[in-house]
Chemist: 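Please see the structure below; I have some questions.
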Amino acid sequence: MSEIRVRFAPSPTGYLHVGGARAALFNWLFARKMGGKFILRVEDTDIQRSSEEMVRGILEGLEWLGLDYDEGPYFQSDNAEKHRAAAYGLLENGWAYRDFTPKEERDDATVKKVTAEAARQGKVTNPFRNLSPEESDARARSGEPFVIRFKTPEEGKTSFDDAVFDLQERDCKEIEDLALLRSDGHPLYNLSVVVDDILMGVTHVIRGQDHLSNTHKQVLIYQALGKPAPRFAHLPLILAPNKGKLSKRKHGEIVSVTTYRDAGFIPDAFVNFLALLGWSPAGTEGVGDREIFSREELINLFSLEGIHKSNAVFNFTEGDARNWTDQKALWMNAEYIKTMPMEKLFPMVKSELQRSGLWRDEYEGERRAWFERTVGLIRERARTLTDFPKHGRPYFVDDLNFEFDEAAVKKNLHKDPALKELLPQLADAFATLDEFTHDSTEALLREFADEKGVKAGLLINATRTALTGQAVGPGLFDVVAAVGKDRTVARLKHVAQLAPGGQ
RNA sequence: GGCGCGUUGGUGUAACUGGUUAACACGCCGCCCUCUCAAGGCGGAGAGCACGGGUUCGAGUCCCGUACGCGCUACCA
């Protein structure tokens with residue numbers, strides 16, 4: 001069997017969105033699984049809409065996801081000459097004709113309505129379809145502008161066996177005489193994809209279901225070109241919570257994969273989440289109810305048969321800061337952060353801390369053990385990588401340059417006036433400890449509480465807020481040990497000064 | 001309008017070729033743990049499988065119809 005070759009062919013009309021990312025992922029998984037090649041091709045036929053910046057966005061997204069391509073990126077526009085040649089070839093052998101109808105300018109917004117309205121009138125035979133070659137040539141020679149259209153057969157049907165949607169058939173009379181070449185000579189999508197896929201030896205076309213109807217046109221073009229069509233596999237769509245289309249205009253940054261990168265997602269976690277949107281390893285022996293899969297496992301488990309037919313909803317709540325994206329994605333990310341090997345997590349946390357100016361080289365030198373322990377503390381309740389600088393700041397700064405949560409201060413420091421006296425005393429007691437560990441500090445604090453006749457919880461919560469500014473966080477004695485003796489003593493004394501006197 | 005595709009709890013999914021009280025995960029609620037918050041453990045609510053017919057001893061699984069959603073119907077991709 002010859003080599004499997006698949007491609008991801010995004011149009012650079014925006015950044016890499018989750019739908020595109022998932023299409024790229026499935027192509028990549030298939031290529032890796034089958035030992036084939038994964039090709040990246042940018043469909044920039046419509047040059048007016050393309051920009052280098054947008055191409056960069058796509059490349060960045062793929063890189064972050066770790067979807068490396070074996071060939072490319074190719075640019076469809078580079079092949080325009082070949083696409084044109086193909087169109088003229090079809091013109092010559094009678095599979096296409098020149099249409100001299102004057103161009104109608106339609107803007108993107110109204111084109112749907114206009115075309116739907118036109119379709120309502122019923123299909124009409126293009127008056128130029130049967131123009132004699134002589135007359136057609138003559139008019140072309142005279143400089144009259146024309147578009148080259150495919151001469152869709154009047155009889156018969158097209159068919160292909162989709163790997164996901166099974167046998168697809170369509171009557172040719174339902175298919176319009178699609179334009180192949182614009183009057184300005186630019187090749188159009190349906191021609192370009194086919195020619196490029198032939199040129200690149202693509203064996204499997206895995207793409208969004210929105211192309212399912214187009215595929216019939218492409219099948220016709222393959223026939224006209226005398227080439228076998230590849231195997232098609234159409235993916236279900238990813239929809240917004242209202243089951244409508246996911247779009248940049250309506251849903252903003254939430255659909256861009258770079259948003260997830262910047263928000264502190266682990267690439268593997270996002271890939272894992274994406275893989276389960278519209279695909280499942282159902283029926284695979286021994287997989288059971290698992291949902292967490294490493295990249296290698298996904299590659300092994302992946303198959304076109306596991307792809308669903310029905311669309312999936314990307315479930316997020318607009319305007320909810322905590323659940324800004326799909327909660328399962330968030331959960332999965334937390335799961336990865338919590339369980340991944342420290343060696344893999346370390347560099348991610350490092351660059352995150354560097355971004356917020358909290359990184360020190362000693363963290364991978366003499367203080368590495370301390371740093372890893374501290375990261376271990378934070379990771380247990382982190383949902384994204386940005387939680388490391390956010391929750392971790394009190395551990396990484398020497399001074400008091402971290403935020404004190406107002407409610408926490410009120411509840412844990414100001415509520416009981418006795419703390420103004422107790423905290424400095426506790427600080428002094430801590431200062432006497434030679435060995436400053438989880439156990440030794442806990443023993444000391446509890447004994448101190450007993451002596452003073454107060455509940456340990458009072459001091460514990462006050463100390464937590466003194467050391468971290470928060471009312472919530474890891475177990476207090478883990479915090480104390482991580483913050484260390486000097487800072488613990490200093491911070492306890494500091495907050496005591498801030499406490500309201502007397503009352 | 002035409003053509004195509006789809007429809008299992010709020011979301012993602014499972015349910016071998018029709019055969020136990022429709023399963024799992026996320027989310028939600030409660031309990032336990034506990035110095036807080038998470039995590040973790042335990043338990044619970046939530047779908048009778050879009051709706052209506054049919055076939056069958058028996059249907060989420062097969063057939064027909066309807067509704068709804070989505071896609072295509074461009075000199076966009």
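Each chain gets a letter, A, B and so on, in the order its sequence line appears, and its residues count up from 1.
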Chemist: With side chains defined as the heavy atoms from C-beta onward, is the minimum distance between A:M200 and A:Y74 less than 4.5 Å?
Modeler: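 Yes; the side chains approach each other to less than 4.5 Å.
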Chemist: So what does A:P241 hit on the nucleic acid, given a heavy-atom distance under 4.0 Å: a base, only sugar-phosphate, or nothing?
Modeler: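 Since no nucleic acid heavy atom lies under 4.0 Å of A:P241, the category is nothing.
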Chemist: Under 4.0 Å between a Lys/Arg side-chain N and an Asp/Glu carboxylate O for A:R231 and A:D161?
Modeler: yes
Chemist: Looking at every strand, decide which applies to A:S183 at a 4.0 Å heavy-atom threshold: base, sugar-phosphate, or nothing.
Modeler: base
Chemist: According to a strict under-4.0 Å criterion, is A:K309 in side-chain N/O contact with OP1 or OP2 of B:rC70?
Modeler: no
Chemist: Report the nucleotide, chosen from B:rC5, B:rA77, B:rG12, that has the shortest atom-to-atom distance to any side-chain atom of A:A312.
Modeler: B:rG12
Chemist: Counting any heavy atom closer than 4.0 Å, what does A:G278 reach on the DNA or RNA strands: base, sugar-phosphate only, or nothing?
Modeler: sugar-phosphate
Chemist: Would you classify A:K411 as touching base, sugar-phosphate or nothing, given that sugar-phosphate means primed atoms plus P, OP1 and OP2, and contacts are heavy atoms under 4.0 Å?
Modeler: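 Counting heavy atoms under 4.0 Å across all strands, no contact is made by A:K411.
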Chemist: Could you give the NE2-to-P distance, from A:H211 to B:rC5, as a whole number of Å?
Modeler: 18 Å
Chemist: Looking at B:rA14, I'd like to know if its phosphate oxygens (OP1 or OP2) sit under 4.0 Å from a side-chain N or O belonging to A:S280.
Modeler: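 Answer yes for this pair, as a side-chain N or O of A:S280 is under 4.0 Å from OP1 or OP2.
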Chemist: Mind checking if A:A456 touches a base, just sugar-phosphate, or nothing, with heavy atoms under 4.0 Å?
Modeler: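 If one applies the 4.0 Å heavy-atom cut-off, A:A456 turns out to touch nothing in the nucleic acid.
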Chemist: Please confirm whether A:R84 makes a cation-pi placement over A:Y88, using NZ or CZ under 6.0 Å from the six-membered ring centre and within 45° of the ring normal.
Modeler: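 So A:R84 doesn't make the cation-pi contact.
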Chemist: Could you check whether A:L276 gets within reach of a base, just the sugar-phosphate, or nothing at all, counting any heavy atom under 4.0 Å?
Modeler: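 Result for A:L276 = sugar-phosphate.
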Chemist: For the rings on A:F436 and A:F430, is their centre-to-centre separation under 6.0 Å?
Modeler: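 Yes; A:F430 has its ring centre under 6.0 Å from that of A:F436.
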Chemist: Is A:H308 near enough to B:rU13 that one of its side-chain N or O atoms lies under 4.0 angstrom from OP1 or OP2?
Modeler: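 A:H308 to B:rU13 OP1/OP2: side-chain N or O found under 4.0 Å.
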Chemist: Can you give me the N/O atom pairs linking the protein to nucleotides 23-31 of chain B at distances under 3.5 Å, or say none if there are none?
Modeler:
| from | atom 1 | to | atom 2 | distance (Å) |
| --- | --- | --- | --- | --- |
| B:rA25 | O2' | A:E291 | OE1 | 2.9 |
| B:rA25 | N3 | A:K328 | NZ | 2.9 |
| B:rC26 | O2' | A:K328 | N | 3.3 |
| B:rG27 | O3' | A:Q327 | OE1 | 3.4 |

Chemist: How is A:K455 classified with respect to the nucleic acid when contacts are heavy atoms under 4.0 Å: base, sugar-phosphate, or nothing?
Modeler: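 Here A:K455 touches no strand at all.
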Chemist: So what does A:Q470 touch, heavy atoms closer than 4.0 Å: a base, only the sugar-phosphate, or nothing?
Modeler: nothing
Chemist: Quick one: sort the A:H234 and A:F160 rings into parallel, tilted or perpendicular, breaks at 30° and 60°.
Modeler: tilted
Chemist: Any side-chain N or O of A:R446 below 4.0 angstrom from OP1/OP2 of B:rC35?
Modeler: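 So the side chain of A:R446 is within the cut-off, an N or O lying under 4.0 Å from OP1 or OP2 of B:rC35.
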